[in-house]
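Written out below as structure tokens is the structure these notes cover.
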Protein chains: 2
Amino acid sequence: MLKLTRKVEYALIALRHMQDKAPELVSSTKEIATQYNIPLEILAKTLQHLAKENIIEPINGPRGGYRLKAQLGNINLVEFFERVEGPLGLSDCFYDSNCLQIDYCNIRTPIQRINANMINMFRSMTVQDVTS
Amino acid sequence: MLKLTRKVEYALIALRHMQDKAPELVSSTKEIATQYNIPLEILAKTLQHLAKENIIEPINGPRGGYRLKAQLGNINLVEFFERVEGPLGLSDCFYDSNCLQIDYCNIRTPIQRINANMINMFRSMTVQDVTS
DNA sequence: ATTATATACGACAATAATTATCGGATATAA
DNA sequence: TTATATCCGATAATTATTGTCGTATATAAT
């Protein structure tokens, strides 16, 4: 409950790894997977996803890899989580009404308040706060 | 990611249901399960758990059920979540070191800061904030 | 006492979400 | 031309969550 996914963690590890280098230098999937002991194929998918989101820039071919593309200080954590994992919320019912309790639920409104608090908290931090 | 479990939701629904009654009145598992469309057996387990935690008081036999026992305003949400679901944390590595990345991880410290923010936020609210 | 209705609880099963793997494609530097 | 990299869909395995079953115990009502 209330956990980050591995995908998000792997993404953050990779972004911090790139951030720690001079901006023009390239990091390959294999390099990152090896250094942090992350399964290669999963990390590959994650980085492809980040590239599609224009957060990193892919460089094809031998000696290729990825470089940072976005300003990490401009991406708050809500935006980042949603770009990596989709909609954010303590309960599904805030963005998907397929819930058996929804018609009678007596905690929907209070949970929504708490959810708003959580969202505000994550929105007050950027990816850069994690990568530096 | 970052979701509450059903168990926590069912517990909160039940607590709010009891809170809405005069304190001496009893609510049975069946009554709550029916009213909110919750699977009976799961709710039963959840309520047994709350009873073991001394949050509600069981009353055996026919016309039995449960009544509130604890002051919901005295239980903050971190305490509540942990009493219902166990230790809280954005990543397992804060209370269980069985993680392949742990030796090399470059985001552990920043994630821990964010985790502290989250914990503080949930600690600033009580169960009563959900049930009234 | 007997019965009906309630909680107590361990073991197990099903489902869903997450995590991981495989196969083959395209791009490009050397 | 070759080696090394990203790209990407399909699928498998694993884990966590959610739900079920069977049986025991407690007690109010008759």
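In the text below, chain A, chain B and the rest are named by the order of the sequence lines, each starting its count at 1.
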- No-hydrogen, no-angle side-chain donor-acceptor test under 3.5 Å, Ser91(A) and Lys3(B): no

d([atom1], [X]; [atom2], [N]) in whole Å:
X         : N       : atom1 : atom2 : answer
Ile56(B)  : dA8(C)  : CD1   : C1'   : 12 Å
Glu57(A)  : dA5(D)  : CD    : C1'   : 15 Å
Gln101(A) : dT18(D) : CD    : P     : 11 Å
Leu50(B)  : dT7(C)  : CG    : P     : 13 Å
Lys3(B)   : dT15(D) : NZ    : P     : 22 Å
Gln48(B)  : dA6(C)  : CD    : P     : 14 Å
Tyr66(A)  : dA27(C) : OH    : P     : 15 Å
Leu43(A)  : dC8(D)  : CG    : P     : 16 Å

Kindly compute the distance separating [atom1] ([X]) from [atom2] ([Y]), expressed to the nearest 0.5 Å.
X        : Y        : atom1 : atom2 : value
Leu88(B) : Phe80(B) : CG    : CZ    : 12.5 Å
Ile56(A) : Thr46(A) : CD1   : OG1   : 9.5 Å
Ser28(A) : Leu43(A) : OG    : CG    : 9.0 Å

- Query: So what does Lys52(B) hit on the nucleic acid, given a heavy-atom distance under 4.0 Å: a base, only sugar-phosphate, or nothing?
  - Reply: sugar-phosphate

- Item | Exceeds 12 heavy-atom contacts within 6.0 angstrom, atom CG of Asn98(A) |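 No, not enclosed.
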
- Task: Tell me which of Asn60(A) and Arg63(A) sits closer to the 5' end of DNA chain C, going by the nucleotide each one is nearest to.
- Result: Asn60(A)

- Query: Which residue, Pro62(B) or Gly61(A), contacts DNA chain D at a nucleotide closer to its 5' end, judged by nearest heavy atom?
  - Reply: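 Going by which nucleotide is closer to the 5' end, it is Gly61(A).
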
- Task: Identify whether the distance between the nearest side-chain nitrogen and carboxylate oxygen of Glu79(A) and Arg83(A) falls below 4.0 Å.
- Result: yes

- Basic-acidic side-chain contact under 4.0 Å: Glu31(A), Lys21(A):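 Yes, charged N to carboxylate O under 4.0 Å.
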
Protein-nucleotides 18-23 of chain C N/O pairs under 3.5 Å:
from: dT18(C); atom 1: OP1; to: Met1(B); atom 2: N; distance (Å): 3.2
from: dT19(C); atom 1: OP1; to: Arg6(A); atom 2: N; distance (Å): 3.2
from: dT19(C); atom 1: OP2; to: Arg6(A); atom 2: N; distance (Å): 3.0
from: dA20(C); atom 1: OP2; to: Tyr10(A); atom 2: OH; distance (Å): 3.0
from: dT21(C); atom 1: O4; to: Lys45(A); atom 2: NZ; distance (Å): 3.0

